[in-house]
Amino acid sequence: MSLVVRNAELKDLHRLTELMYEYIVGFYKKPKPNSENLHNLIQTLFEKQIGIQFVVEQDGDLVGFATLYFTFSTMKANKITIMNDLFLLEPYRNTEAETQLFLTCQTYSQDHGYAYMSWITAIENKRAQHFFEEMGSVQGNWVNYSII
């Protein structure tokens with residue numbers, strides 16, 4: 001079995017869109033975003049200015065993706081990455097594919113001089129929390145808020 005983690009490319013647009021809908025609607029049960037908006041987001045990430053997307057390919061099929069957004073931390077007075085998404089189809093969770101996708105994000109952040117990489121996950125997503133702890137992550141002590 002051939003496992004490849006790489007930058008998302010234009011040729012991935014259709015399959016990446018399917019995976020993102022599976023993530024947004026299937027996994028998190030959120031409303032389906034407009035496909036034009038989703039394509040605009042993906043194409044913006046291809047430019048690697050405000051963020052970057054990585055895909056994991058198993059035997060030639062895309063089975064997961066991760067998204068890093070670039071921002072700054074006032075506390076560190078430095079640039080940081082936020083891993084907004086780490087998603088794999090069910091059969092590829094808790095496998096080498098998930099580990100390599102996460103490590104690619106971490107390595108990218110380190111190699112490009114970011115002070116750290118952070119992320120959030122749903123409070124009920126215990127599987128992901130366990131994975132992150134196994135990867136050496138520490139749960140932060142900030143409370144997350146949002147407003148619409």
Side-chain angles (χ1 to χ4, degrees), residues 1-73 76 78-125 127-140 142 144 146 148:
M1 291 183 17
S2 170
L3 174 70
V4 176
V5 178
R6 59 175 175 75
N7 291 351
E9 302 171 358
L10 185 57
K11 69 179 183 176
D12 302 319
L13 182 62
H14 177 69
R15 181 66 177 131
L16 186 52
T17 300
E18 291 174 353
L19 284 172
M20 291 179 78
Y21 280 138
E22 177 63 27
Y23 169 68
I24 297 163
V25 180
F27 186 79
Y28 276 112
K29 309 293 186 224
K30 299 296 181 186
K32 184 177 182 177
N34 173 291
S35 63
E36 183 179 339
N37 290 348
L38 192 56
H39 286 169
N40 287 339
L41 171 61
I42 294 168
Q43 290 180 346
T44 298
L45 291 167
F46 288 158
E47 297 169 8
K48 301 178 185 128
Q49 298 299 308
I50 63 163
I52 189 169
Q53 260 183 328
F54 298 102
V55 293
V56 60
E57 202 174 48
Q58 183 74 52
D59 298 324
D61 185 30
L62 294 188
V63 299
F65 70 95
T67 311
L68 289 178
Y69 289 100
F70 311 142
T71 191
F72 288 86
S73 166
K76 293 286 186 182
N78 207 341
K79 61 184 185 174
I80 64 169
T81 58
I82 298 176
M83 185 176 62
N84 223 47
D85 315 302
L86 179 73
F87 176 76
L88 289 99
L89 296 174
E90 181 64 38
Y92 301 95
R93 296 178 194 152
N94 294 321
T95 69
E96 186 65 18
E98 184 173 45
T99 299
Q100 290 306 312
L101 186 57
F102 178 86
L103 290 175
T104 296
C105 292
Q106 183 181 23
T107 300
Y108 180 92
S109 298
Q110 292 169 341
D111 289 352
H112 288 83
Y114 291 92
Y116 63 86
M117 178 177 82
S118 69
W119 62 92
I120 60 173
T121 190
I123 197 162
E124 66 273 3
N125 193 347
R127 193 218 53 84
Q129 293 166 32
H130 180 71
F131 170 76
F132 294 138
E133 289 165 4
E134 285 183 340
M135 298 305 294
S137 306
V138 178
Q139 186 176 12
W142 294 87
N144 187 43
S146 61
I148 298 175

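Count residues from 1 along the sequence. Please read all numbers here as calculations on a predicted model, not as lab measurements.
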So, for Thr121 and Ala128, which heavy atoms are closest and what is the spacing to 0.1 Å? OG1-CB, 3.9 Å
For His112 and Tyr114, take the angle between the two ring planes, folded into 0 to 90°, and tell me which bin it lands in: parallel under 30, tilted 30 to 60, perpendicular over 60. tilted
Roughly how far apart are Leu3 CG and Thr99 OG1, rounded to 0.5 Å? 10.0 Å
Looking at every non-hydrogen atom in both residues, tell me the closest pair between Ser35 and Tyr21 and how far apart they are. CA-OH, 3.0 Å
Whether Phe65 and Phe87 hold their rings parallel, tilted or perpendicular, with breakpoints at 30° and 60°: tilted
Find out whether Asn125 and Phe27 are in side-chain contact, i.e. whether some heavy atom of one side chain is under 4.5 Å from a heavy atom of the other. yes
Asp12 versus Asn7, closest heavy-atom pair with distance: OD2-O, 4.2 Å
Do Gln43 and Leu41 make a side-chain contact, defined as non-hydrogen atoms from C-beta onward lying under 4.5 Å apart? no
Over all heavy atoms of both residues, which pair between Phe70 and Gln49 is shortest? Give the atoms and the distance, please. CD1-O, 3.4 Å
To check you understand the geometry: which heavy-atom pair defines the closest contact between Leu89 and Glu22, and what is its length? CD2-CG, 4.1 Å
First locate atom SG of Cys105, then atom CG of Leu86, and finally report the distance between them rounded to the nearest 0.5 Å. 6.5 Å
dist Asn94:CG -> Arg127:CZ (nearest 0.5 Å) comes out at 4.5 Å
Rounded to the nearest 0.5 Å, the CD1 atom of Ile120 sits from the CG atom of Asn84 at a distance of 7.0 Å
Does any part of the side chain of Val56, heavy atoms only, come nearer than 4.5 Å to the side chain of Phe54, both counted from C-beta? no
Tested for side-chain contact (heavy atoms from CB on, under 4.5 Å) against Met117, the lone hit among Ile82, Thr107, Ile80, Thr81 is Thr81
Sub-4.5 Å side-chain heavy-atom contact between Glu18 and Leu62: no
Which of parallel (below 30°), tilted (30 to 60°) and perpendicular (above 60°) describes Tyr23 and Tyr28? perpendicular
Can you check whether Ser118 reaches Trp142 side chain to side chain, under 4.5 Å on heavy atoms? no
Do Phe132 and Met83 make a side-chain contact, defined as non-hydrogen atoms from C-beta onward lying under 4.5 Å apart? yes
Non-hydrogen atoms of Leu101 and Gly64 that approach each other most closely: CD2-C, 4.3 Å
Does any N or O in the side chain of Asp85 come within less than 3.5 Å of the main-chain N or O of Ala66, such that one atom is a donor and the other an acceptor? no
Starting from the C-alpha separation in whole Å, work towards a yes-or-no answer on side-chain contact (heavy atoms from CB on, under 4.5 Å) for Arg6 and Val55. CA-CA 6 Å; Arg6 59 175 175 75; Val55 293; 3.6 Å; yes
dist Glu98:CD -> Glu134:CD (nearest 0.5 Å) comes out at 9.0 Å
Sub-4.5 Å side-chain heavy-atom contact between Met135 and Leu103: yes
In the structure I gave you, are the side-chain heavy atoms of Ser137 and Trp119 within less than 4.5 Å of one another anywhere? yes
Do the side chain of Lys48 and the main chain of Leu45 share a donor and acceptor less than 3.5 angstrom apart? no
Reported NE2-to-NE2 distance for the pair His14 and His39, which is rounded to 0.5 angstrom: 8.5 Å
